[in-house]
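Take this structure first; my questions come after.
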Amino acid sequence: MSQIIEILQRVDIFQGIVDTLLMVAFSTIIAYLVGVPIGVLVLATEKDGLFPNKTIHKGLNIIINLGRSIPFIILLIALIPFTRAIIGTSIGVRGMIIPLAIGAIPFVARLTETSLNEVDKGVIEAAKCIGCNNFEIIFQVYLVEAIPSLVRGLAITIIMLIGYSALSGAVGGGGLGNIAIENGYYRFDTKTMLVVLVFIVIIVQVIQVIFDMIAKKIDKK
Amino acid sequence: MIKIKNLTKSFSVNEETIMALDHVNLDIQKGEVYGIIGLSGAGKSTLLRCLSTLEQPDSGSIEIEGKDIFKLSGNDLRKFRSNIGVVFQGYHLLMQRNAYDNISFPLKIRKEPKEKIAARVNELFQFVGLQGKERVYPSKLSGGQRQRVAIARALATNPSLLLFDEPTSALDAVTTKQILKLIKEINEHYHVTIIIITHEIGVIKNVCDKVAVLNYGKVVEEGTVEEVLNNPQSDITKMLLGKELII
């Protein structure tokens, strides 16, 4: 017990939590702003979709698969010049936001496509018969009917990004993961690492429980 | 009002060509309740999908109020679609919207003013007998109630044609009777032309004025319900009537 108190006094866990949440929050927002439209586009350009277009559909699919197969640590390093050009720095909390967002975009696009694909095709046909145009079908039918599934996907994305954000230690970033790597890996201080891990586990659990509750509450199906 | 001419549609399944519709010709008059009966696989659903322009035929045409519906596109097509109501076999309600929002949805899409939408939707809730269920979501409604929401939604825009796909196949005997009564009332009250696809002869007997019997994509018999039921010509009609057993 006294050891834990000692660790908590020595290591700024609170700052780590704030840093992790900041990195994850901003990168999630960016990833969704870009990823959702891409996911919608992949779905809409399908063969039987709203705007069938083989070239765009195949092209986007290849890009998404490529993006998803690059290990995040490699993406993180490869993006250093790009991040520096946009944000001004490639280290610290701010330096992590762009790589995290870019790493998550293909993931979010695929999750969105999958969520929208789950919407009953009959409902889409009904919307067509009602006289909806394609934009109304996307915004008032697909995206509304898929909200619970999209919320569940959001939880998966956030948790995945918490995991990715831990790699920030490798480029001198911030957050809980950084503290864990710095102390546990570089200084062989396993106890500190374990304490930090407990906090990461708690954050992940809390996020999962909150989003499960939200999804359950809003799902009327 | 509706002229179906030489409508033909085939599908290939496992390299085999199946004629879902084989030169179908039908004339449906304004205000009629027209039943289309046949066994499963007879082409009924394909015919309904063609009428609602969800499916394009290989050849032939459907004229509704003088317009060839397969030549419509863009805004004209959407306008046409919002002037026909379709009640699907599986209802296809919007599951994340309550009964009120489901029924008002077609009117919102038409960008009708709010007060007009409210008046119309309230009238429809009365008409289909669902008062008090406005805020209830489809998943909390019974099969018969969902069917009523689907019917009210199809009626919302005051269509001149209403299509029913197997309206009673998922309902119990009592609910079936109520829904058939409702269909009759719709025809009398709103003077809307109704086409019903079914495999149940009871539906034809109870609500239809005219009937066409479909078998393997062909119309084998057609006429007033009285004529066809009292004097069936084809084996399939006799079988549907339960007069003859074909094994």
Side-chain angles (χ1 to χ4, degrees), chain A residues 36 39-40 43-53 111-155 211-221, chain B residues 45 48-55 69 72-99 101-112 135-141 146 149-150 153-157 159 161-163 165:
Chain A
V36 170
V40 169
L43 178 99
T45 51
E46 240 178 12
K47 205 172 118 234
D48 305 316
L50 299 171
F51 311 93
N53 186 317
L111 271 182
T112 305
E113 185 213 355
T114 312
S115 290
L116 301 189
N117 231 331
E118 283 165 13
V119 176
D120 184 0
K121 297 286 165 293
V123 175
I124 304 303
E125 290 196 333
K128 282 183 190 166
C129 286
I130 281 166
C132 290
N133 64 33
N134 288 338
F135 289 98
E136 286 161 342
I137 290 178
I138 289 171
F139 289 104
Q140 301 198 37
V141 184
Y142 267 124
L143 287 172
V144 175
E145 290 294 299
I147 285 175
S149 171
L150 290 169
V151 168
R152 290 190 185 96
L154 179 58
F211 276 89
D212 279 348
M213 266 163 47
I214 296 173
K216 209 174 165 192
K217 178 114 182 60
I218 58 174
D219 195 354
K220 307 297 181 189
K221 203 169 175 175
Chain B
S45 291
L48 187 107
R49 289 176 66 80
C50 285
L51 278 162
S52 56
T53 66
L54 286 171
E55 201 96 55
I69 64 171
L72 299 171
S73 65
N75 266 331
D76 291 337
L77 178 62
R78 280 194 294 278
K79 223 174 177 181
F80 162 77
R81 281 173 168 172
S82 90
N83 193 33
I84 55 168
V86 187
V87 181
F88 295 91
Q89 186 171 9
Y91 318 132
H92 299 339
L93 299 174
L94 300 157
M95 299 308 281
Q96 305 295 341
R97 293 177 198 254
N98 63 30
D101 291 338
N102 262 284
I103 297 173
S104 63
F105 188 67
L107 298 166
K108 274 192 193 142
I109 293 298
R110 275 195 172 190
K111 303 195 170 58
E112 302 273 3
R135 305 281 158 233
V136 181
Y137 286 85
S139 60
K140 298 273 184 281
L141 294 171
R146 282 184 211 182
V149 174
R153 181 176 71 176
L155 279 172
T157 55
L161 171 65
L162 203 52
L163 305 173
D165 190 5

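Just so we're on the same page: letters track the sequence lines, and every chain starts at 1. The model shown is predicted, which means the values in this text are computed figures rather than measured ones.
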>> As an exercise, state the distance from CZ of B:Arg78 to CG of A:Asn134, rounded to the nearest 0.5 Å.
In response: 7.5 Å
> B:Phe105 and A:Cys132: which non-hydrogen atoms are nearest, and at how many Å?
Replying inline: CE2-SG, 3.6 Å
>> Could you check whether atom CZ of A:Phe139 has more than 12 heavy atoms from other residues, nucleotides or ligands sitting under 6.0 Å from it?
In response: no
>> Please identify, among A:Ala126, A:Pro148, A:Cys129, the residue contributing the most non-hydrogen atom pairs under 4.5 Å to chain B.
In response: A:Cys129
>> Can you confirm whether A:Asp120 sits close enough to B:Met95 that some side-chain heavy atom of one is under 4.5 Å from a side-chain heavy atom of the other?
In response: no
>> Please report the interatomic distance CD1(B:Ile109) to CD1(A:Ile137), rounded to the nearest 0.5 Å.
In response: 8.5 Å
>> When you compare the side chain of A:Lys128 with that of B:Thr53, does any pair of heavy atoms fall below 4.5 Å?
In response: no
>> I'd like to verify something: which residue of B:Gly90, B:Ser82, B:Gly85 has the highest number of heavy-atom pairs under 4.5 Å with chain A?
In response: B:Ser82
> How far does NZ of A:Lys220 sit from CZ of B:Arg97, to the nearest 0.5 angstrom?
Replying inline: 13.5 Å
> B:Pro138 versus chain A, heavy atoms under 4.5 Å apart: side chain, backbone, both or neither?
Replying inline: neither
>> Below 4.5 Å, heavy-atom pairs only: which of A:Val119, A:Ile218, A:Ile147, A:Val144 has the largest tally toward chain B?
In response: A:Val144
>> Please check: side-chain N/O of B:Gln96 versus main-chain N/O of A:Ala146, any donor-acceptor pairing under 3.5 Å?
In response: no
> Given a strict heavy-atom distance threshold of 4.5 Å, which part of B:Leu94 is in contact with chain A: side chain, backbone, both, or neither?
Replying inline: both
> Tell me, side chain or backbone of B:Arg153 under 4.5 Å from chain A's heavy atoms, or both, or neither?
Replying inline: side chain
> Contact part of B:Leu93 toward chain A, heavy-atom cut-off under 4.5 Å: side chain, backbone, both or neither?
Replying inline: backbone
> Got a second to check how far B:Leu77's CG is from A:Asn133's CG, nearest 0.5 Å?
Replying inline: 11.5 Å
> Is atom NZ of A:Lys47 surrounded by more than 12 heavy atoms (other residues, nucleotides or ligands) closer than 6.0 Å?
Replying inline: no
>> Do A:Glu136 and B:Lys108 have side chains that approach each other closer than 4.5 Å (heavy atoms only, starting at C-beta)?
In response: no
